[in-house]
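Worth knowing before you read on, the calculation uses all heavy atoms, side chains too, and leaves out hydrogens, waters and symmetry mates. Owing to the predicted nature of the structure, the values given are computational and were not obtained by experimental measurement.
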Amino acid sequence: MITADALHCQREHVSYLTERGAHWILTVKGNQPHLHAQLTALPWRAVPDATRDTDRGHGRREIRSCKILTISTGIDFPHTAQTIQIRRRRRRLDQPKRFTTKTIYAITDLLVHQAKPAQLATWIRGHWSIENKVHWVRDVTYDEDRSQIRTGTEPEVMAALRNAAIEALRLTGITNIAAANRHHARDSTRPLALLGIT
């Protein structure tokens, strides 16, 4: 089972995975405007929630619902068997009346009998947890997108160093990477102690 973000929602990627016997779930966003428009036009209001769960943490409450439609025709994307709509309603605990809602669409080649709705929701949630724990930290905490390092293999080397730093901190149980970076930056012996080089 391969889960991937919208960047990988490409016909060539799906063909590659299918040829090798892999199953996939792909997020669909604006980089596939025709497909995204097809998914948003489906009769989602008539579809009951397949899964619904509530989570509380990080100073907010989140309600996630997942609707699933089996597709036989009408979606212009190869090997698509089911479409998924995920709605996330969030509110900060200090602002109880203010909700934000985000709707995400995904597609999969799995048939109904191959994966239950709860399993699809778990795989999608698992992908987002990777996104939040690694990519978001690299994008926001390390501001990787604005890096001026662009020549040769330097971008790959810096990405590897950022990943190593994140993992070194996580292995010690640290969850707030930004706070840990500030803590370790205040004393040059702290990063060495973290790596066992003292």
Side-chain angles (χ1 to χ4, degrees), residues 1-58 60-91 99-140 159 163 166-167 170-171 175 177:
M1 169 53 61
I2 306 293
T3 61
D5 60 16
L7 172 71
H8 298 285
C9 187
Q10 305 292 330
R11 286 169 170 76
E12 298 81 20
H13 292 176
V14 166
S15 296
Y16 177 85
L17 294 172
T18 303
E19 288 169 10
R20 282 151 185 80
H23 292 290
W24 46 267
I25 300 174
L26 303 174
T27 304
V28 178
K29 290 186 178 174
N31 64 325
Q32 290 286 342
H34 181 65
L35 176 60
H36 190 267
Q38 287 179 318
L39 296 179
T40 58
L42 291 171
W44 293 110
R45 289 181 187 230
V47 179
D49 289 346
T51 65
R52 185 180 180 90
D53 60 6
T54 303
D55 200 7
R56 190 176 175 144
H58 306 287
R60 67 177 182 245
R61 180 172 181 245
E62 183 176 79
I63 302 166
R64 289 179 301 278
S65 62
C66 181
K67 296 180 178 187
I68 301 170
L69 277 172
T70 298
I71 299 297
S72 58
T73 60
I75 296 296
D76 184 25
F77 203 83
H79 310 289
T80 301
Q82 295 187 87
T83 60
I84 306 159
Q85 181 195 64
I86 303 106
R87 294 193 78 199
R88 295 186 315 225
R89 292 190 71 217
R90 290 181 178 167
R91 73 171 172 84
F99 274 93
T100 59
T101 302
K102 187 167 187 176
T103 304
I104 305 289
Y105 296 96
I107 56 175
T108 183
D109 70 322
L110 291 168
L111 301 170
V112 173
H113 68 277
Q114 292 175 306
K116 296 186 183 311
Q119 195 172 23
L120 290 172
T122 298
W123 282 326
I124 292 167
R125 184 100 170 117
H127 178 79
W128 285 338
S129 91
I130 293 167
E131 185 74 26
N132 291 338
K133 287 181 180 175
V134 178
H135 301 290
W136 189 86
V137 172
R138 283 174 47 183
D139 292 345
V140 176
N163 285 343
I166 293 166
E167 286 309 308
R170 292 219 189 273
L171 285 172
T175 56
I177 302 298

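- Aromatic ring orientation, Tyr105 versus Trp44: tilted (interplanar angle from 30° to 60°).
- Taking each heavy atom of Gln82 and Leu110 in turn, the nearest pair found is NE2-O, 2.8 Å.
- Within the 4.5 Å cutoff, side-chain heavy atoms of Leu120 are placed close to those of Ile25.
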Task: side chain to side chain contact (heavy atoms under 4.5 Å, CB included) between Lys29 and Asp5, worked out - done: CA-CA 9 Å; Lys29 290 186 178 174; Asp5 60 16; over 6 Å; no
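- Between Gln85 and Leu69, the closest side-chain pair of non-hydrogen atoms is not below 4.5 Å.
- To the nearest 0.5 Å, the span separating CD on Glu19 from NE2 on His79 amounts to 8.0 Å.
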Task: Chi angles and distances behind the side chain to side chain contact (heavy atoms under 4.5 Å, CB included) call for Arg170, Ile177 - done: CA-CA 8 Å; Arg170 292 219 189 273; Ile177 302 298; 3.9 Å; yes
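- Among residues two or more places apart in sequence or in another chain, the salt bridge (charged side-chain N to carboxylate O under 4.0 Å, His left out) test is passed with Arg61 by none.
- Separating the CE atom in Met1 from the OG1 atom in Thr122 is a distance of 11.5 Å, to the nearest 0.5 Å.
- A side-chain donor-acceptor contact under 3.5 Å links Thr40 to the backbone of Ala37.
- Considering Asp76, Val28, Ile71, Thr80 in turn, Asp76 is the only one that fulfils the side-chain contact (heavy atoms from CB on, under 4.5 Å) rule with Gln38.
- Checked against salt bridge (charged side-chain N to carboxylate O under 4.0 Å, His left out), Arg52 has the following partners two or more places apart in sequence or in another chain: Asp49.
- Aromatic ring pairs are classed by plane angle as parallel below 30°, tilted from 30° to 60° and perpendicular above 60°; the pair Phe77 and Trp24 is perpendicular.
- Within the 4.5 Å cutoff, side-chain heavy atoms of Leu39 are placed close to those of Ile75.
- Here the straight-line distance linking atom CG of Leu7 with atom OG1 of Thr27 works out to 11.0 Å at 0.5 Å rounding.
- To the nearest 0.5 angstrom, Arg20 atom CZ is 10.0 Å from Ser15 atom OG.
- Between Arg88 and Glu62, the shortest heavy-atom distance links the atoms CD-OE2, 3.8 Å.
- Around the CZ atom of Phe99, the shell of radius 6.0 Å holds more than 12 heavy atoms that belong to other residues, nucleotides or ligands.
- Contact between Leu26 and Cys9 at its shortest, heavy atoms only, is CD1-CA, 3.9 Å.
- With rounding to the nearest 0.5 Å, the separation of CD in Gln119 from OG1 in Thr51 is 12.0 Å.
- Nearest heavy atom pair, residue Asp109 against residue Gln114, reads O-OE1, 4.1 Å.
- Between the CZ atom in Arg11 and the CD atom in Gln32 there is a gap of 5.5 Å [rounded to 0.5 Å].
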- [ ] Could you walk me through whether Ile107 and Val14 pass side chain to side chain contact (heavy atoms under 4.5 Å, CB included), step by step?
- [x] CA-CA 11 Å; Ile107 56 175; Val14 166; 5.8 Å; no
